[in-house]
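This report concerns only the one structure given below.
Treat the numbers as computed from the prediction; the structure is a model and nothing was measured. Counting begins at 1 with the first residue of the sequence.
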Amino acid sequence: MNWTEKLDSFWKGLVIGLAFPVVIYFIYWLFFHHQIPLTFHIQRMIQFSMLSNLIKICGIGNLLLFYFGISKKLDNFSKGIILSVLIYVALVAYVMYYLEPNVI
């Protein structure tokens with residue numbers, strides 16, 4: 001059993017798809033805003049109505065994972081990635097309509 005067969009699981013795709021944007025956000029914070037505490041940075045993003053945009057940008061990383069899964073013929077992995085993208089879409093809708101109501 002090679003590594004592609006081990007990775008081709010719906011649940012592995014879902015977990016990796018949910019964790020990858022968080023990792024991307026942490027890397028973004030680490031490189032650009034590490035002097036600001038993380039909780040304060042998130043509060044500022046909510047205050048200036050930028051949190052939904054940041055979640056969208058970090059969610060684009062799932063596109064890379066999806067294309068990786070498609071190119072390696074990891075169909076179940078790609079299905080998990082798609083579900084994680086739908087979960088992030090719901091999160092963006094929640095943030096836009098309840099945490100950032102001034103934008104709309």
message: Parallel, tilted or perpendicular, judged at 30° and 60°: which one describes the rings of His41 and Tyr28?
response: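 The rings of His41 and Tyr28 sit tilted, inter-plane angle from 30° to 60°.
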Kindly give the heavy-atom pair with the smallest separation between [X] and [Y], and that separation in Å.
| X | Y | result |
| --- | --- | --- |
| Leu99 | Ile46 | O-CG2, 4.0 Å |
| Gly13 | Ile81 | O-CD1, 3.3 Å |
| Phe77 | Leu65 | CE2-O, 3.9 Å |

message: What verdict does the side-chain contact (heavy atoms from CB on, under 4.5 Å) test give for Phe68 and Leu74, after you've listed the backbone C-alpha separation in whole Å, the side-chain angles of each residue and the deciding distance to 0.1 Å?
response: CA-CA 8 Å; Phe68 169 76; Leu74 303 172; 4.1 Å; yes
message: Check this for me: Trp3, atom CH2, are more than 12 non-hydrogen atoms of other residues, nucleotides or ligands nearer than 6.0 Å?
response: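 Counting neighbours around CH2 of Trp3, more than 12 heavy atoms of other residues, nucleotides or ligands fall under 6.0 Å, so yes.
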Can you hop from [X] to [Y] via hydrophobic side chains spaced under 4.5 Å?
| X | Y | answer |
| --- | --- | --- |
| Val22 | Leu83 | yes |
| Phe66 | Val92 | no |
| Tyr67 | Phe10 | no |
| Leu38 | Ile55 | yes |
| Ile36 | Ile24 | no |

OG-CG distance between Ser78 and Asp8, expressed to the nearest 0.5 angstrom: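 Nearest 0.5 Å value for the OG-CG distance: 8.0 Å.
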- prompt: Atom CE of Met45 and atom NE2 of His33: how far apart are they, to the nearest 0.5 Å?
  reply: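 With rounding to 0.5 Å, CE (Met45) is 6.5 Å from NE2 (His33).
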message: Phe40: which residues meet the ring pair (Phe, Tyr, Trp, His ring centres under 6.0 Å) condition with it, sequence neighbours left out?
response: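 With neighbours one apart ignored, the set is empty.
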query: Hey, does Leu14 have a side-chain heavy atom less than 4.5 Å from the side chain of Ser84?
result: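 A side-chain contact exists here, since the closest heavy-atom pair is under 4.5 Å.
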- prompt: Given side chains that start at C-beta, do those of Ile42 and Trp29 come closer than 4.5 Å, heavy atoms only?
  reply: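 Of all side-chain heavy-atom pairs linking Trp29 with Ile42, none is under 4.5 Å.
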field: Under 3.5 Å donor-acceptor, Tyr88 side chain and Lys56 backbone
entry: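 No; judged by distance alone, with no hydrogens or angles, the pair does not exist.
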query: Does Lys12 reach the main-chain N or O of Lys6 with its side chain, forming a donor-acceptor pair under 3.5 Å?
result: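 Yes; at least one donor-acceptor contact below 3.5 Å.
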